[in-house]
Amino acid sequence: MMCAMKACASQKESLMLFLCVSEDPFYIERQRGMTTMKNRIFAALLALTMTISLAACQNKDSSEPGRAVTADSAAESPQEGRGESEGEEPVSPAVRTVTDVWNRQVEIPYEVKSIICLGSMAPRLGAYLGVTDMMIAAEDTDIAAMSVRYDYSPVYHDVLKRLPSAGPGGGSGENNGYAEKIIELQPDVILAGFDEDGAEELQRQTGIPVVSVRYRTQGFIDDGFHRAMRVFAETVGAKERCEEVLNYVEGCREDLKERTKNVPDEEKPRAYTGAVTFNGRHGFAFTYVNFPAFTAVDAVNVADAFLESRTKEAADTAARTGTAYIGSDGFEADLEQIIRWDPDIVFLDPGNMDLVNDEYRNNPGFFDSLRAVQEGQVYTMPSTNSAGPNITYLLINAYYAGIVMYPEQFRDIDLREKAGEIMEQMLGEDFFDEMEEGGLYYGTITIGE
């Protein structure tokens, strides 16, 4: 280093001497008789050579250890993948950019080590990806008690209950994070199932990058789920596990479609699902267009008569902008309309049967007029939604719908066994017994009991 500094100093002195001499009037006079370009060229080359030498010395000084590494300087550095010297470690960028489900460009640390998951789907996706060990906080709903309403809770509650709280939980899409606590905890990234405004607001409040992974089903586990999973996986570095989960889900989708693809529509039973849990609990008349379990097996959903009017605007917006689909697939059907539909098979959420039984006591004539009730064709359909869709339950419900509506095509499927397989693939553990004990069970229902 000292030799380099001395060499640079010597070159600086030589340049100054050359410049002083070249401007001396006596020197100019002595050179006036020269007519060739030789000396001019030599002088110019000498000055250029010394200038380059000085620049090299300055660059050498600035590259000494201790120089700050920014994302731009790291990207320009030749050290990574461009012939780095033996024994030198590649320099990684300080930050990188991910694109969330709202097409927001979010700058995050190059290596993410700690996360907080808030809102619709975020904790669930983290569980599917097996990164709960990266979570440094949880939501009140996950801390308070184990609940089968969240498919990951039976497996991960013991882990989550020990973490500090960073939000109340819920799936509204609005920002409800505890900003002061999050600032105190300083995660590398917040993964949030928030709408775009909610994600931006929490990022402003905390100064911590917020990546939105909001997802709501449109039909049966659509491409929006793939996108949300891949955004999450890219953020935390879990791409291999992500593709493993998505490949399994796709395998189930293909299996379900294959079993029912050759069944003519006229031979399919006409189905209705009621008492659906959608942004809260509801009675018999609350139903669902694009109902996932029905879509999965190409069932005839009588409520799909309202499909376009319920989903068109939201679906068109999502397709046009390339952003997450946020529709309102659940709605209250008119009782007279349900009588006109007179479905062959009815599925009801067992968690809302207290509401349905109250309705039966107030209006038994309506229920008794339905052919499905008369013929004992009323079955459970456990809720899949709780702060976003439980993908595990969506898959199990789809196989159950197939078993009930297409007994011949699903004769080889044992629901208990299939459910255990799905749970193990998605969450690493079979908790089917806990699911049923918690009120999400499968079987026939007698309304009014």
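What's counted below: heavy atoms across the whole structure, side chains too, no hydrogens, waters or symmetry copies.
For the atom pair CD1 of I190 and CD1 of I115, the computed distance is 11.0 Å after rounding to the nearest 0.5 Å. Here OG1 of T277 is found 7.0 Å from NE2 of H282. Values are rounded to the nearest 0.5 Å. Distance check, rounded to the nearest 0.5 Å: OG of S212 to CD of E200 gives 10.0 Å.
Contact detail for R214 and S120: the closest heavy-atom pair is NH1-CB, 3.3 Å. Residues A233 and C242 share a closest heavy-atom pair of CB-CB, 3.5 Å. Residue V263 comes nearest to Q409 through the heavy atom pair CG2-NE2, 3.5 Å, listed as atom of the first residue, atom of the second, then distance. Between K268 and D298, the closest heavy-atom pair is NZ-O, 2.8 Å. The two residues A179 and Q205 have their closest heavy-atom pair at CB-OE1, 3.8 Å.
With sequence neighbours left out, E421 forms a salt bridge (charged side-chain N to carboxylate O under 4.0 Å, His left out) with K418. Qualifying salt bridge (charged side-chain N to carboxylate O under 4.0 Å, His left out) partners for R227, counting only residues two or more places apart in sequence or in other chains: none. Partners of Y178 under the ring-ring contact (aromatic ring centres under 6.0 Å, His included) rule, at least two apart in sequence or in another chain, do not exist in this structure.
Judged purely by distance below 3.5 Å, without hydrogens or angles, the side chains of Q105 and T99 pair a donor atom with an acceptor atom. Between the side chains of N390 and Y152, no donor-acceptor pair of N or O atoms lies under 3.5 Å. There is no side-chain donor-acceptor pair under 3.5 Å between T323 and W102. Side chains of Y215 and D222: a donor-acceptor N/O pair is present below 3.5 angstrom, by distance only. In summary, the side chains of R371 and Q374 do not present any donor paired with an acceptor at a separation below 3.5 Å, with no hydrogens or angles considered.
Ring-centre distance between F286 and F331: not below the 6.0 Å cut-off. Here F367 and F284 bring their ring centres to under 6.0 angstrom of each other. With ring centers used as reference points, F347 lies under 6.0 Å from F294.
A salt bridge between K113 and D188 is absent, with no side-chain N of the basic residue lying under 4.0 Å from a carboxylate O of the acidic one.
The closest donor-acceptor contact from the side chain of D100 to the backbone of N103 lies under 3.5 Å.
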